[in-house]
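First the structure, in the form of structure tokens, and then the observations on it.
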Amino acid sequence: MTRSAAAPRPPDDARWRDLLSRAGRAGRRIVGHDWAGSPLGPVEDWPASLRTALVICLYSPEPAAIWWGPELVLLPNDGYLALPDPVGAQEPGQPGAAVWPDAVPTLTGLLTTGQVTCRQEREVGSGAEHRRLVFSSAPIVDATGRPGGVFTTVAEAVGPTGGATDADDPTGSPRSDTTSAGTATGTGVPAARRRGPGQQAPHPAAGERRQALRQAEGLARLAGSLSAAGTRTAVTDVVITVTPALVGATEVRVAVATAGALDLTVTDGNGPGRLAVADDAPLARAVREEATVALPDGLCLPLRDGTGTVLGALEVRWDGPVADEEARRILLDAVAGLCSQALRRAELTASARAMAEFAARLSVTRSTGEAIEVILDAAPMALGAALPGLAMRDEGRRVRLWHAELPSGLVATFDDLTIDDPRPIARALRTGERIILRNRAEFAARHPDLPDPAGEYGMVTTVVLPLLDASRRPIAALGFGWPRERPLPDDDLALLDTIADLCEQTLERVRLAAAEHNLVTRLAGRLRTSATVGPPGLDVATRYQPAMSGLHLGGDWYDLVDLDDGRLAVVVGDVVGHQVEAAADMAQLRTVVNTLIRSGVPLAEVFPRLTGLLGVGFLGTCLAMVVDPVAGEAQVARVGHPHPVLLPAGRPPETVWTGHSLPLGLVRDPVPVTTVAFGPGDLLVAYTDGLVERRDQAYDAGVTALHEVIVPVRDQPVEAIADTLLAKLSGSDDDQALVVIRHVG
């Protein structure tokens, strides 16, 4: 299953464009520029973190600029355009390397080192022209918790003159005396704005500059604190602690909405509390109406994620009535944007942890009854859902409903359930169709003649997931719901797919466990992912060969995951051991790695994220590749695993060398990712060490043998190549997993 490639445009897009258009020449240039072919992509696809930071930058009275993305694309305000900078006369969107190449190392450091702020002072000029300037830069944290860009402001230092620093300033410009043109080279300030010791700047302008600098530094502190907040509770604690001083408020409250729930968690200076969504309080109204609520002494703003889904609300009050000033709204929008990003990041982290716990609990079940008990208990917890029920075929045409504490009246409505019943849970079991009813009006439209027991018991959005066996036939249907309408964006649909996959794998595993005499053979068939055909342009063959029979299960596995744009993720792994514990670890690792890849986690982050979720209670190796037949390349990340083999068309086989990394369970830092060309006619082979490792020969000799065996059969179908490799490289004491991929053009 694939996820939608394009997220819907944020609902405030028109207002955001209007704000940019009214923000001087720089704002109009940005709105009018065609960004489609630039590293930033179309404006409508820019993330919320960039949008928020850009509005703050353009409306700042001080020179300010944003450097966005790995290319450090420059987005300056009018003050920055007035600096002695050659980019001022060029088209918008120049990369940092083309604008100020010396700045790139410092700015890149803020993106990669986790440093919260970078503040340096520079002495410029001499005598009456002597001045001290401050360059303040801070990373802009996106919804994933990683810096997406850098925000830089330039201001004049206040206080006694000190010695100049030797560190490069954030512009990367060298220290220099006044030039013949009357400017201080690289200072970022035009000479016309300099003044002598006896000259006083106008007080209002100086006050605005100091206020803007304080606000920029305050937003940087807020962003840095939020980036370290890993839970919703930690996020709300940071917001109510830092925001009052930032916006000059007397009271700040944050309400967090759990998707589909009827209550909000409200945090203020007195700690957390509960508030019904249906309440008339401003926080509840902002969430319910998805709109800003004006107060006599403040504002209440909804908090939205990138898809427009409301995550909660932010209430800010001052000591008395306040004017609805544009500058105040811009600042509050910035605070709300940072809070929204942090809440969404915490929500995704909590969901990943819940999925990891769900996978761990499923991995140790030993019977169908145990598996169903865990599914009914843990799956709704991972989704925040209620009233779970699992339907399975019984004798004849009858369907049995398994449930956990459903109301007796609701259970009674399913007493006569049969496989040809028109109700959603029976339909999903009969057809294998995933059924989503976002509200009861949809149920009534699809089933006008049926009673609606789920609606009568308070459910608004309901979902039924078919659970399929290894042959993709429905064997069960899992239903649940939410008491408030849940939008179910692409991320939630991907989560539903993963829940179904985990349940399917577990039910199949425990079914196989009932037949001890054929356990390993059946388990090997189940370990093959459903996506064995692969996307267009690729031929794929997979194999798993156990080392032992009986209950001595191995820890080798492979997995194929269909991704957007015709890409295919390939995972091959090996957990140390041959007992049931190794198989349980393998199942847990496989499902969590699958979940991380499906969720769009970059390859470099998959294995450290795995360690963060599961700890270090296992040891093994793993290889993850993303094969893109359209782009003609493959990305490879490896943690202690054998290097894959690449056979370019018409050329001898070669080992794909990657950077060094620790094995599974020990990885803490991002792993190196190697990109190799993979064009029509090329062949890729990924395997576990059981294919090449023998007790009586050196490891390198086994790899050489693999190269020798594959060359004569390289032009055969991939299925024949896989069979040949297993047949001619036999004799291992270990189990073996193998994936062979050909780019067919």
Side-chain angles (χ1 to χ4, degrees), residues 1 259-260 351 354-355 357-363 365 367-394 398-407 410-411 413-414 417-419 421-438 442-443 446 452-455 457-483 486 488 492-511 526 530 587 591 594-595 598:
M1 300 180 183
S351 176
M355 291 298 297
E357 181 179 352
F358 182 37
R361 292 183 61 183
L362 286 176
S363 69
T365 55
S367 67
T368 300
E370 287 182 8
I372 291 175
E373 183 178 352
V374 171
I375 290 170
L376 292 175
D377 179 55
M381 291 177 61
L383 296 164
L387 302 185
L390 185 76
M392 300 184 73
R393 286 179 177 268
D394 205 351
R398 295 188 60 82
V399 173
R400 179 179 177 183
L401 182 68
W402 301 69
H403 60 87
E405 300 181 359
L406 284 180
L410 181 58
V411 174
T413 63
F414 293 97
L417 194 64
T418 61
I419 192 62
D421 195 291
R423 283 175 285 186
I425 199 165
R427 178 182 176 87
L429 179 60
R430 181 175 66 253
T431 66
E433 172 189 359
R434 182 177 67 181
I435 300 174
I436 297 176
L437 300 168
R438 287 178 168 80
E442 286 192 13
F443 179 90
R446 293 182 61 173
D452 184 9
Y457 281 88
M459 294 296 98
V460 175
T461 297
T462 52
V463 170
V464 182
L465 299 178
L467 306 181
L468 313 178
D469 64 11
S471 301
R472 314 314 291 166
R473 294 187 297 259
I475 56 173
L478 175 62
F480 41 80
W482 294 269
R486 179 161 180 162
L488 293 172
D492 283 350
L493 296 180
L495 190 61
L496 293 178
D497 290 341
T498 303
I499 289 283
D501 286 347
L502 290 172
C503 295
E504 291 168 359
Q505 294 162 15
T506 300
L507 289 175
E508 182 72 359
R509 177 176 56 79
V510 296
R511 182 184 72 83
R526 182 54 179 164
S530 59
T591 52
N594 184 296
T595 300
R598 281 179 181 272

Give the C-alpha distance, both sets of side-chain angles, the deciding distance and a yes or no for side chain to side chain contact (heavy atoms under 4.5 Å, CB included) between I499 and L496. CA-CA 5 Å; I499 289 283; L496 293 178; 5.5 Å; no

So, taking the atom named [atom1] in [X] and the one named [atom2] in [Y], what distance separates them when rounded to the nearest 0.5 Å?
X: L390; Y: I375; atom1: CG; atom2: CD1; value: 6.0 Å
X: C503; Y: L467; atom1: SG; atom2: CG; value: 5.5 Å
X: D492; Y: S351; atom1: CG; atom2: OG; value: 8.0 Å
X: T595; Y: L495; atom1: OG1; atom2: CG; value: 8.0 Å
X: M459; Y: L437; atom1: CE; atom2: CG; value: 13.5 Å
X: F443; Y: I435; atom1: CZ; atom2: CD1; value: 10.0 Å

After noting the C-alpha distance and the side-chain angles of L493 and I436, does the key distance pass the side chain to side chain contact (heavy atoms under 4.5 Å, CB included) rule? CA-CA 10 Å; L493 296 180; I436 297 176; 3.5 Å; yes

Considering non-hydrogen atoms only, spot the tightest contact between [X] and [Y] and give its length.
X: L410; Y: P453; answer: CD1-CB, 3.5 Å
X: R423; Y: L417; answer: NH2-CD1, 3.6 Å
X: F480; Y: P388; answer: CB-CA, 4.2 Å
X: R438; Y: L488; answer: NH2-O, 3.6 Å
X: A500; Y: P466; answer: CB-O, 4.3 Å
X: D394; Y: R400; answer: OD2-CB, 3.9 Å

Evaluation steps, side chain to side chain contact (heavy atoms under 4.5 Å, CB included), between V399 and F414: CA-CA 9 Å; V399 173; F414 293 97; over 6 Å; no

Can any side-chain N or O of E508 pair as donor or acceptor with the backbone N or O of D469 at less than 3.5 Å? no

Donor-acceptor check, side chain of T461 to backbone of R486, threshold 3.5 angstrom: yes or no? yes

4.5 Å side-chain heavy-atom contact, [X] and [Y]:
X: V510; Y: S367; answer: no
X: L387; Y: P407; answer: yes
X: L383; Y: W482; answer: yes
X: I419; Y: R398; answer: no
X: V411; Y: H403; answer: yes

Is any NZ, NE, NH1 or NH2 atom of the basic residue among [X] and [Y] found under 4.0 Å from an Asp or Glu carboxylate oxygen of the other?
X: R434; Y: D497; value: yes
X: R598; Y: D501; value: yes
X: R361; Y: E370; value: no

Applying side chain to side chain contact (heavy atoms under 4.5 Å, CB included) to I475 and M392, what does each step give before you reach the verdict? CA-CA 6 Å; I475 56 173; M392 300 184 73; 5.6 Å; no

Could you walk me through whether T365 and R509 pass side-chain hydrogen bond (donor to acceptor under 3.5 Å, both in side chains), step by step? CA-CA 9 Å; T365 55; R509 177 176 56 79; 2.9 Å; yes

